[in-house]
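The sequence lines fix the lettering, A, B, ..., with proteins before strands; numbering per chain opens at 1.
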Amino acid sequence: MSGSPDLSVLAGDVLDVAPRLLGAHLTHAGVTVRLTEVEAYAGQDDPGSHAFRGPTARNAVMFGPAGHLYAYLIYGMHVCANVVTGTPGTASAVLLRAGEVVEGLDVARGRRPGASDRDLARGPARLCRALAIGLEQGGADLATGPVLLLLATDHGGPVESGPRVGLRQAAEHPWRYWLAGEPTVSAYRPAAPLRRRPAG
DNA sequence: AGGGTGATTAGG
DNA sequence: CTAATCACCCTC
């Protein structure tokens, strides 16, 4: 009877939940994206996760119930969005890396001047830009909005997996999942090596 | 190939 | 307080 979609599946293990988000629809402010690429972050067990070192003010929402939005600012200018998974107390989440704009194409184009349609939401910060997701949306309940998640009953194609993008820690885990053959999947970019201190 | 940008974090 | 890091994007 509820008007909200059932997101209870998100309370499961993040490695199980992440691929199931592929094909899901994410809607905000007049634009809907079909997710084509995601990455799993396994909380305090995962050196690549923001929650690895325990709760802080920034990552607090990850320790809460599943189905909420964890949004953060990176490199001083870009916002990235995650879906919190697992049970309260665990801090796992899924980074939304890329999607295909399936609704509100003109609105999305206006938010991403100069970008091709393929690139509108191709990359985690681009996806947030196309959907106008900012830090204000952090903590939002994805079942009730304003950012809404509608799970897919079907992926719509085979899922592939490989190493996560841009991580220096725990880069060996194949916890990035994408829909095979989708042009909106972002290119794999290994982490840049640390700039070495001047040698003595 | 390199630069922009500022919050977040650990450490003194 | 300081200094290092950062789940990225754009332009050249």
Trace of the side chain to side chain contact (heavy atoms under 4.5 Å, CB included) decision for A:Val94 with A:Asn82: CA-CA 5 Å; A:Val94 178; A:Asn82 298 246; 6.0 Å; no

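The ring of A:Tyr41 lies on top of the base of C:dA7, close enough and flat enough: under 5.5 Å between centres, under 30° between planes.
One atom, CZ of A:Arg176, and another, P of C:dA7, lie 15 Å apart when rounded to the nearest Å. Taking atom CD on A:Glu37 and atom C1' on C:dC8, their separation rounds to 13 Å, with Å as the unit. If you measure from atom OH of A:Tyr70 to atom P of C:dA7, you get 9 Å, rounded to the nearest angstrom. Taking atom CH2 of A:Trp175 as the reference point, atom C1' of C:dA7 lies 14 Å away to the nearest angstrom.
Residue pairs satisfying the salt bridge (Lys or Arg N to Asp or Glu O under 4.0 Å) criterion with at least one member in residues 158-167 of chain A, sequence neighbours excluded, are listed as follows: A:Asp46-A:Arg164. Sorted by first and then second residue, the salt bridge (Lys or Arg N to Asp or Glu O under 4.0 Å) pairs with a member in residues 170-182 of chain A read A:Arg34-A:Glu182, A:Glu37-A:Arg176; sequence neighbours excluded. Counting only residues at least two apart or in different chains, salt bridge (Lys or Arg N to Asp or Glu O under 4.0 Å) contacts with residues 13-25 of chain A are absent.
Every side chain to side chain donor-acceptor pair (under 3.5 Å) that A:Arg109 has, sequence neighbours left out, goes to A:Asp106, A:Asp117. Partners of A:Leu150 by side chain to side chain contact (heavy atoms under 4.5 Å, CB included), not counting sequence neighbours, listed by chain and number: A:Pro5, A:His25.
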Could you pull out every donor-acceptor pair under 3.5 Å between side chains of residues 123-141 of chain A and any protein atom, sequence neighbours left out?
residue  : atom : partner  : partner atom : Å
A:Arg126 : NH1  : A:Arg122 : O            : 2.7
A:Arg129 : NE   : A:Arg111 : O            : 3.3
A:Gln137 : OE1  : A:Gly134 : N            : 2.8
A:Asp141 : OD1  : A:Ala143 : N            : 2.9

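The hydrophobic cluster around A:Met77 extends to none of the other residues, as no ILVMFWY side-chain heavy atom falls under 4.5 Å of it. The hydrophobic side chain of A:Leu148 is isolated, with no ILVMFWY side chain under 4.5 Å apart from it.
For the atom pair OG1 of A:Thr36 and CG of A:Leu21, the computed distance is 12.0 Å after rounding to the nearest 0.5 Å.
Proximity of residues 90-105 of chain A to DNA chain B (heavy atom under 4.0 angstrom from any strand atom) is not detected for any residue. Contacts of residues 111-135 of chain A with DNA chain C (heavy atom under 4.0 Å): A:Arg112, A:Gly123, A:Pro124, A:Ala125, A:Arg126.
If you check every strand for non-hydrogen atoms under 4.0 Å, A:Gly48 touches a base.
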Set out, line by line, the N/O atom pairs under 3.5 Å between protein and nucleotides 7-12 of chain B.
residue : atom : partner : partner atom : Å
B:dT9   : OP1  : A:Thr56 : OG1          : 2.6

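In this structure, A:Ser161 contributes its side chain and A:Tyr177 its backbone to no donor-acceptor pair below 3.5 Å. Judged by distance alone, the side chain of A:His173 and the main-chain N or O of A:Gly162 form no donor-acceptor pair under 3.5 Å.
Of all nucleotides listed (B:dT5, C:dA7, C:dC8), B:dT5 comes nearest to the side chain of A:Met77.
Between A:His50 and A:Tyr41, the distance from one ring center to the other does not fall under 6.0 angstrom.
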With pairs defined as Watson-Crick or G-U wobble and both distances under 3.5 angstrom, please note down DNA chain B as a dot-bracket string, | for pairing with another strand. ||||.||||||.

